[in-house]
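Structure first, then comments.
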Amino acid sequence: MKKRRPKNFIKTTILFLIAMIFAVSFLLPTILTFANSFMTEQEISSNYGVIFNDYSSSSNGEKKTTSYRSETVNLKLIPDKVVGTQYETVLLKSPDYLMKFWNSVLLTLPIMIFQILIALGAAYCFARFRGRLREMIFFLYLVLMLMPYQVTLVPNYLVANKLDLLDTRWSIILPGIFAPFSVYLLTKYMRRIPESVIEAAKLDGANEWQIFRKIAIPMCKGPIASVAILVFIDYWNMVEQPLIMLSDSAFHPLSVFLSQINQGEIGLAFAIATIYMVPPILIFLYGEEYLVDGIAYSGSVKG
């Protein structure tokens, strides 16, 4: 048996250590959030110091203002005393947090499901039918996809206002359903379906609907799962849309609360952030195989 050369072994070891450093760096915030969610308020305050500095409200009833103050923090992975007070407050004593969690679910799931359904049909049309009109429409999809959401936020607001959809979930769901991101990705995947497979199906008497349902969709299971994961994470973490479209905080998702942490709620924020991370992590773990297959498929079949 041929022995591994020392040079290759050293190179592999260095690359492995670099990969480990990056992995730990990416995982450290998640680990710290989980560990801090089981700490007492006193321990959190002693570890992080006075991060928030609230000024007292004046006699004329003005609201308090919050400013940040730079201080040294003590990052700890193991709490001195493990408590579940934060989770008890979030899950049992304060239903508002659970309502915001369900607001996130009610906004994200419809967008993910219907965006994929519409994108499948549009992507199949873009992949199967040729013509100048199709190329122009697809080019417009690319332009819209490259634009940041802040550019289209004002037009979306004006359209929602015209349709009397402001302060309703539809003002966020409808623009999300027709987002061009999924259409673009699925079109690229469907264009890689071998033409010989489609021609063979036509010779067997299959029509376009049967080709779409029995060939195109099954061959794109990996890409569909990849798109579903990306769309879910994107809209699960949205903040700007709810702040602009929903003036009633009762409809705000949990992501908006996490962007507005106040003094005295830091411990709760760690517990809520831990709960908030559970759905994306579960979806990623469940769809990891499909995600890898979808990425591999993108470079395995030539169009």
Side-chain angles (χ1 to χ4, degrees), residues 105-149 152 156 170 172-238 279-303:
V105 174
L106 293 175
L107 289 173
T108 306
L109 284 184
I111 291 176
M112 181 188 71
I113 294 171
F114 289 103
Q115 184 180 142
I116 291 175
L117 291 177
I118 293 174
L120 282 171
Y124 182 77
C125 293
F126 282 130
R128 290 283 297 127
F129 304 110
R130 306 292 178 179
R132 294 184 62 184
L133 180 61
R134 187 212 67 129
E135 295 297 337
M136 290 176 59
I137 297 175
F138 190 71
F139 177 75
L140 292 176
Y141 267 86
L142 291 178
V143 173
L144 288 174
M145 188 185 68
L146 293 175
M147 287 183 179
Y149 182 81
T152 59
N156 286 340
W170 291 109
I172 298 176
I173 293 175
L174 287 179
I177 287 175
F178 296 99
F181 174 74
S182 299
V183 177
Y184 172 76
L185 287 184
L186 291 176
T187 299
K188 291 299 182 182
Y189 286 120
M190 287 192 179
R191 283 179 177 176
R192 296 177 179 271
I193 297 176
E195 190 67 26
S196 58
V197 176
I198 297 177
E199 293 298 329
K202 286 184 176 180
L203 291 175
D204 290 337
N207 55 34
E208 290 294 340
W209 169 248
Q210 291 173 328
I211 294 173
F212 170 69
R213 185 169 58 90
K214 295 183 179 181
I215 295 177
I217 293 180
M219 292 189 70
C220 291
K221 283 185 177 180
I224 291 171
S226 304
V227 170
I229 293 172
L230 295 174
V231 171
F232 182 89
I233 293 175
D234 184 23
Y235 285 93
W236 186 256
N237 297 320
M238 62 181 171
I281 291 174
L282 291 179
I283 288 179
F284 176 79
L285 293 177
Y286 177 77
E288 180 184 5
E289 182 179 353
Y290 294 102
L291 181 62
V292 174
D293 290 343
I295 296 173
Y297 176 78
S298 65
S300 61
V301 182
K302 295 182 179 181

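Along the sequence shown, the residues carry numbers beginning at 1.
- Taking CG of Leu120 as the start and CD of Gln115 as the end, the distance is 10.5 Å to the nearest 0.5 Å.
- Interatomic distance, CD1 of Ile211 versus CD1 of Ile217, reported as 12.5 Å (0.5 Å rounding).
- Within the 4.5 Å cutoff, the side chain of Asp234 has no heavy atoms near those of the Met238 side chain.
- A 6.0 Å sphere centred on CZ of Phe139 holds no more than 12 heavy atoms belonging to other residues, nucleotides or ligands.
- Shortest non-hydrogen contact noted between Ala228 and Ile116 is CB-CD1, 3.5 Å.
- Taking the side chain as every heavy atom from C-beta outward, Phe181 and Leu230 approach each other to under 4.5 Å.
- Note that CH2 of Trp170 is 11.0 Å distant from CG of Leu107, once rounded to the nearest 0.5 Å.
- Separation of atoms CD1 (Ile118) and CD1 (Ile177) is listed at 5.5 Å; rounding is to 0.5 Å.
- The two residues Phe212 and Gly121 come nearest to each other via the heavy atoms CZ-N, 4.1 Å.
- The closest side-chain heavy-atom distance from Leu186 to Pro223 is below 4.5 Å.
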| message | Before you tell me yes or no, could you show the steps for Ile172 and Ile111 under side-chain contact (heavy atoms from CB on, under 4.5 Å), namely the whole-Å CA-CA distance, both residues' side-chain angles and the distance that decides it to 0.1 Å? | response | CA-CA 9 Å; Ile172 298 176; Ile111 291 176; 4.2 Å; yes
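- Put simply, NZ on Lys188 and SG on Cys220 are 14.0 Å apart, with the number rounded to the nearest 0.5 Å.
- The shortest heavy-atom contact between Ala216 and Met190 is CB-CE, 4.3 Å.
- In this structure, Gly176 and Tyr235 approach most closely via the heavy-atom pair CA-OH, 3.5 Å.
- Between Pro279 and Phe232 the shortest heavy-atom distance is CB-CZ, 4.1 Å.
- Here the shortest heavy-atom pairing between Arg213 and Pro218 reads O-CD, 3.3 Å.
- Judged by the 6.0 Å and 45° rule, Arg191 forms a cation-pi pair with Phe138.
- Heavy atoms of other residues, nucleotides or ligands lying less than 6.0 angstrom from OH of Tyr184 number 12 at most.
- Evaluation of the side chain to side chain donor-acceptor pair (under 3.5 Å) rule for Tyr124 yields Arg128, Glu208 as partners, not counting sequence neighbours.
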Please evaluate residues Phe114 and Phe178 with respect to the criterion ring pair (Phe, Tyr, Trp, His ring centres under 6.0 Å), reporting the C-alpha separation (whole Å), side-chain torsions for both, the decisive distance (0.1 Å), and the verdict.
CA-CA 8 Å; Phe114 289 103; Phe178 296 99; 9.8 Å; no
Under 3.5 Å, which donor-acceptor pairs do the side chains of residues 194-205 form with other protein atoms, sequence neighbours left out?
none

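- Atoms CD1 and CG, on Ile173 and Leu106 in that order, are 7.5 Å from each other to the nearest 0.5 Å.
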